[in-house]
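Small disclaimer: the values here were computed from a predicted structure and weren't measured. We name chains A, B, ... by the order of the sequence lines, and we start the count at 1 in each one.
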Protein chains: 6
Amino acid sequence: MSEVAGRMAVQAGAAHLEKSKGGMGVLLGGVPGVPAAHVVIIGAGVVGTHALQMAVGMGARVTVLDKSVDRLRQLDLVFGNRINTVYSNAQSVEDAVLDADLVIGGVLIPGAAAPKLVTRSMISRMKNGAVVVDVAIDQGGCFETSHATTHTEPTFVVDGVVHYCVANMPGAVARTSTFALNNATIGHAVALADKGWKQALKDNPHLKNGLNVAHGHVTYEAVALALGYPYVSADSLLG
Amino acid sequence: MSEVAGRMAVQAGAAHLEKSKGGMGVLLGGVPGVPAAHVVIIGAGVVGTHALQMAVGMGARVTVLDKSVDRLRQLDLVFGNRINTVYSNAQSVEDAVLDADLVIGGVLIPGAAAPKLVTRSMISRMKNGAVVVDVAIDQGGCFETSHATTHTEPTFVVDGVVHYCVANMPGAVARTSTFALNNATIGHAVALADKGWKQALKDNPHLKNGLNVAHGHVTYEAVALALGYPYVSADSLLG
Amino acid sequence: MSEVAGRMAVQAGAAHLEKSKGGMGVLLGGVPGVPAAHVVIIGAGVVGTHALQMAVGMGARVTVLDKSVDRLRQLDLVFGNRINTVYSNAQSVEDAVLDADLVIGGVLIPGAAAPKLVTRSMISRMKNGAVVVDVAIDQGGCFETSHATTHTEPTFVVDGVVHYCVANMPGAVARTSTFALNNATIGHAVALADKGWKQALKDNPHLKNGLNVAHGHVTYEAVALALGYPYVSADSLLG
Amino acid sequence: MSEVAGRMAVQAGAAHLEKSKGGMGVLLGGVPGVPAAHVVIIGAGVVGTHALQMAVGMGARVTVLDKSVDRLRQLDLVFGNRINTVYSNAQSVEDAVLDADLVIGGVLIPGAAAPKLVTRSMISRMKNGAVVVDVAIDQGGCFETSHATTHTEPTFVVDGVVHYCVANMPGAVARTSTFALNNATIGHAVALADKGWKQALKDNPHLKNGLNVAHGHVTYEAVALALGYPYVSADSLLG
Amino acid sequence: MSEVAGRMAVQAGAAHLEKSKGGMGVLLGGVPGVPAAHVVIIGAGVVGTHALQMAVGMGARVTVLDKSVDRLRQLDLVFGNRINTVYSNAQSVEDAVLDADLVIGGVLIPGAAAPKLVTRSMISRMKNGAVVVDVAIDQGGCFETSHATTHTEPTFVVDGVVHYCVANMPGAVARTSTFALNNATIGHAVALADKGWKQALKDNPHLKNGLNVAHGHVTYEAVALALGYPYVSADSLLG
Amino acid sequence: MSEVAGRMAVQAGAAHLEKSKGGMGVLLGGVPGVPAAHVVIIGAGVVGTHALQMAVGMGARVTVLDKSVDRLRQLDLVFGNRINTVYSNAQSVEDAVLDADLVIGGVLIPGAAAPKLVTRSMISRMKNGAVVVDVAIDQGGCFETSHATTHTEPTFVVDGVVHYCVANMPGAVARTSTFALNNATIGHAVALADKGWKQALKDNPHLKNGLNVAHGHVTYEAVALALGYPYVSADSLLG
């Protein structure tokens with residue numbers, strides 16, 4: 001799903017840079033003789049990588065920030081000087097955001113609230129009519145000014161900056177998302193059908209880690225903690 | 001302007017393939033493991049070339065049709081097997097359109113109505129939720145089912161196919177379009193200011209061809225004919 | 001050797017699509033204005049990756065199928081929309097094969113018979129004059145209709161489909177294959193010469209795993225089992 | 001047709017570098033760690049350009065020679081350092097040929113015998129098992145040692161060098177060639193059918209130049225001269 | 001020679017960005033995580049195109065300015081978003097120069113002094129340690145602050161900006177330049193040797209245009225004018 | 001720092017191929033019609049990979065040698081036929097070096113003297129005016145003829161071959177190097193400041209491995225050994 005969301009983020013951002021959608025009226029890739037928009041992508045994980053593939057493809061000027069120099073190196077090897085890789089820190093994020101026409105926030109920390117990397121103060125100093133897309137909105141968002149929206153009313157404006165914060169972004173391309181989800185899950189479904197759930201979970205630790213509730217017990221520690229139920233390990237139920 | 005329109009056509013088409021915009025819910029570039037959408041571009045002129053740059057960049061499967069084999073050769077040299085070049089005739093247009101998820105119509109014949117290359121019958125047999133973008137709508141459109149729309153209400157549906165036929169497409173990215181227009185016209189404006197209009201038109205046949213009315217006379221033959229005025233040649237007034 | 005076989009598979013497939021070799025008479029890469037052939041590659045391991053490099057390079061339309069979404073992602077990052085990545089299952093294999101002009105079967109499961117992914121029924125419904133190349137023929141082949149052939153008589157025809165199933169494909173480019181093999185083995189040879197075989201095997205578990213027979217004992221379990229000899233572990237003989 | 005022949009030339013050359021076809025047993029693109037074959041293309045016209053697209057795509061080391069520095073510049077802009085462009089003269093042709101594993105001769109002078117750019121002496125000093133493909137064989141060939149062959153018996157060997165000199169190379173991929181020919185000629189056929197031959201020839205000087213015989217007169221000067229008939233201009237018969 | 005000078009200009013500029021050569025100590029292509037230098041190329045003719053190939057190749061962020069939108073379109077088609085194409089005017093030149101780390105001036109107007117596109121005022125506001133390379137120095141230079149230098153003492157500093165203005169830049173790579181010059185002139189030399197100079201000049205108007213002095217008469221009008229000699233047309237002497 | 005050194009090595013090598021710097025006077029990337037220089041890169045680690053990115057970008061003909069076929073495969077997947085990958089052994093190194101115009105030596109074995117892969121005998125048989133750049137000079141160099149130099153006097157000549165052996169190459173681009181170093185170390189600095197050194201070293205084994213001296217004890221075994229001090233493990237001091 002992160003792949004779909006990453007690619008859609010740029011497409012949605014480009015669409016909302018149009019004047020009639022509240023944006024500043026620039027074409028993402030420019031045209032020969034007219035500069036392209038500057039797309040800043042925060043986070044070079046799955047979301048960020050797919051966002052940058054799309055932004056590069058649409059002809060934007062692209063800056064990607066991440067804290068992993070190794071990840072930046074891999075992207076540099078593949079994309080060369082079609083992208084600008086920048087080590088992420090408070091200063092470099094601010095510099096990039098203030099120069100951006102479109103910012104994609106794609107920093108997700110598994111099982112934790114997304115860090116607020118872009119502050120309200122930065123937003124207020126961005127270009128008028130710029131667009132931000134918060135792909136981390138399901139985990140609280142990585143812009144201080146974000147709150148979740150829907151496909152019906154996908155955007156709101158703060159300090160002249162269009163915020164696109166649709167919570168279920170992949171839902172817009174349901175057909176593509178369904179196939180992507182199928183590809184990721186069909187193997188597990190077949191294993192469950194063929195072996196029964198106990199054997200399937202024993203054979204595959206990743207599947208076992210996904211077990212939340214069994215025989216009336218909560219088997220996922222963080223959930224048990226959050227909801228005040230006693231936690232029972234999955235292993236103890238697979239006997 | 002054709003450059004802006006060509007690039008925007010794909011961006012608009014991608015946006016309207018989303019479910020909430022009436023489309024079939026596919027992501028233009030797909031994701032790894034899920035096929036990309038098939039974008040068919042009719043006409044490999046300026047509009048078509050910029051549309052294909054964008055479609056290729058967004059990761060679509062792209063077929064471009066044109067009647068000039070020389071033009072197809074040039075595109076093949078630059079894009080190689082990232083695009084599929086097809087010689088355009090009634091049969092090949094029909095084959096491509098019926099297999100398409102998005103069709104960009106970009107065939108413009110200067111000073112003439114655009115030919116209706118895609119018939120109502122083809123439209124009715126297209127995939128449900130497919131999108132067509134008619135970049136030739138200012139000259140009557142190259143889809144039989146097209147009629148002009150606006151940015152406020154950009155689309156309508158015929159036989160399950162979403163039609164995007166905004167008459168002034170570049171208006172959506174006014175900032176980019178203005179700079180592009182400036183680049184194309186500033187030289188003429190400087191010449192007019194420096195030399196006076198008569199000398200400027202004498203020195204530049206392209207500028208002279210653009211003269212429509214002078215000293216109360218219509219100097220553009222097609223306009224004179226169409227409106228029933230006597231035609232006076234531009235040369236006779238430049239003395 | 002898999003690299004050589006993968007690259008040769010496309011070259012051999014292209015040659016046998018020629019009319020005089022029994023194929024349908026299409027040029028793999030097409031020419032501008034005429035569609036390229038559709039090459040379907042089943043399996044994205046070493047064989048499949050090298051086959052797709054070659055097929056992309058020759059200008060074909062390429063679809064690659066694999067069960068690993070991670071592997072498809074890596075290929076998508078490098079090849080972008082020059083290839084079509086599809087998650088492999090019975091349905092998607094059938095769809096791809098029936099639309100193909102050339103199918104490369106490159107699914108190898110180490111130490112096991114190759115799975116029969118393409119059935120006789122699929123073969124019978126393929127295009128007339130299509131070509132299949134079975135790179136897994138040394139392990140039984142991944143087409144139900146395959147049987148091993150030689151460089152002297154490399155092909156046979158089943159239901160109008162040309163089968164290229166040469167058992168020792170790299171033998172055709174002996175010079176390249178020899179250097180490739182040298183590169184892979186020279187390090188081991190030097191270790192054996194420098195340290196003696198016992199020490200060399202102790203120092204390198206991969207080399208040790210390759211030991212089949214020593215001091216009259218069979219030290220490779222699968223071989224011992226298959227031939228009815230007692231199995232003796234390599235470790236027990238390295239003293 | 002030149003496009004088909006140019007692309008096929010490399011494919012045929014690669015196939016005949018295989019040991020069983022008489023070649024030196026090298027894989028055109030090599031594999032990682034083993035050098036690719038050196039493909040030398042003489043002439044950067046349509047044949048040469050399509051040959052080099054294919055050779056580059058298959059991973060060969062490619063040198064292209066031509067007398068037009070402008071043409072070399074265009075190719076350098078598109079292919080960059082994936083090819084080596086060399087100004088063609090007797091010395092540079094000899095240097096390149098002696099280092100080559102595969103030589104494609106694609107120098108055609110319209111209406112004249114192809115120049116013998118590669119001499120018998122050069123052939124005799126080439127690597128043993130090298131391959132030459134003479135795409136100019138229909139006009140006499142550009143290798144001194146060439147003579148026309150057929151798809152049934154496509155090659156012969158001179159001084160250890162395999163000669164592939166099939167006169168009708170595009171015939172091997174009849175399907176692709178037919179579509180390519182259709183694309184190039186259909187416009188003329190439609191004009192002849194719509195307007196009658198006289199008007200069609202009056203409207204199109206290229207078509208008129210192609211007229212050989214009309215009303216019992218030879219209208220093509222070179223043919224009239226060669227066969228001893230009186231020459232009558234096409235214009236005089238179109239009245 | 002313009003090709004050599006264009007490519008060398010970037011190489012020389014990169015070298016002089018090093019600290020020990022007076023530059024600001026930045027690596028042209030940056031490294032992953034650290035921004036690349038911004039190279040601004042003024043003029044997209046032969047010099048500019050070769051400079052941009054090199055700058056793109058070295059991984060710089062590249063902006064190219066020109067007054068021909070058609071030329072910018074061609075470059076955009078080939079280089080896509082690896083370069084930024086900007087329509088050249090006083091404002092856009094100033095904006096680009098002030099943001100640049102390296103400026104290549106490559107605007108040459110045949111037979112005229114190069115225009116002073118970069119003023120002293122712009123130079124004084126450039127970054128400290130930036131480098132400018134004036135490829136038009138042989139025609140007076142396109143920086144107001146330029147004066148010709150030699151390979152022995154190639155640079156001087158004005159307002160903290162390193163100026164590289166070597167008059168005979170290609171002399172540094174004499175071997176490459178000699179071959180390039182040979183390729184461009186050998187055809188003329190052969191024609192002169194084969195036909196005698198009169199016939200050779202009659203057959204080739206370009207060669208004739210190059211005649212400066214014959215039979216004691218000045219045959220090049222601009223030279224005659226400049227030096228106060230009577231002008232005699234080449235044609236009148238070729239009789 | 002290896003990234004900076006790898007990229008600078010090619011830039012420095014290109015500059016010293018100029019005639020006025022003692023080189024043979026060739027332009028690294030050649031120009032259309034004139035062959036590019038042959039750059040040989042020994043070692044495909046971080047130094048070698050960045051050197052090859054730059055050499056490819058500058059348009060050179062590039063050969064890279066390494067003992068890891070896996071590494072060569074990865075590079076082949078990304079760079080395709082823009083580079084020539086060769087398995088490294090005494091013979092292949094000699095063949096490549098003797099044909100080279102520029103050799104980059106980038107073989108570093110952590111904590112050991114660099115191996116002398118290029119012998120004095122090879123150097124003496126290289127082309128006159130060729131250049132070698134020894135990136136391993138800090139560890140003794142990988143050319144038998146190397147000795148460390150400085151930015152003030154960066155080169156010396158042995159047997160007609162220019163040696164560039166600056167010990168602190170990244171110092172030339174101090175600004176880029178400082179940012180690169182910051183990116184690599186800032187995380188450690190923050191950890192030390194936030195947690196105190198003991199906890200920081202306990203939490204991060206890589207940081208702990210970097211401890212050389214603590215509480216008056218040498219905690220790095222190789223250093224203790226080399227300098228004759230008693231060795232105390234870091235762990236024993238972190239209590």
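Under the 4.5 Å side-chain criterion, counting only non-hydrogen atoms from C-beta, C:Leu27 is in contact with D:Gln11.
Atoms CE and CE, on C:Met58 and D:Met58 in that order, are 4.0 Å from each other to the nearest 0.5 Å. The distance from atom OG1 of C:Thr176 to atom CE of D:Met24, rounded to the nearest 0.5 Å, is 9.5 Å.
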### Query
How far apart are the C-alpha atoms of C:Lys19 and D:Val173, what are their side-chain angles, what is the distance that settles it, and do they pass the side-chain contact (heavy atoms from CB on, under 4.5 Å) test?
CA-CA 6 Å; C:Lys19 208 76 199 170; D:Val173 289; over 6 Å; no

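Contact count against chain C (heavy-atom pairs under 4.5 Å) is highest for D:Pro32 among D:Pro32, D:Ala55, D:Gly59, D:Ala15. Of the listed residues (D:Met8, D:Met54, D:Glu18), the greatest number of heavy-atom pairs within a distance under 4.5 Å of chain C belongs to D:Glu18. Listed options C:Ser20, C:Gly57, C:Gly25 were ranked by heavy-atom pairs under 4.5 angstrom with chain D; first place goes to C:Gly25.
Sparse packing is recorded around CZ of D:Arg175, with 12 or fewer heavy atoms of other residues, nucleotides or ligands lying under 6.0 Å away. In C:Phe179, the CZ atom is not crowded: 12 or fewer heavy atoms of neighbouring residues, nucleotides or ligands sit closer than 6.0 Å.
The shortest heavy-atom contact between D:Val31 and C:Arg7 is CA-NH1, 4.0 Å.
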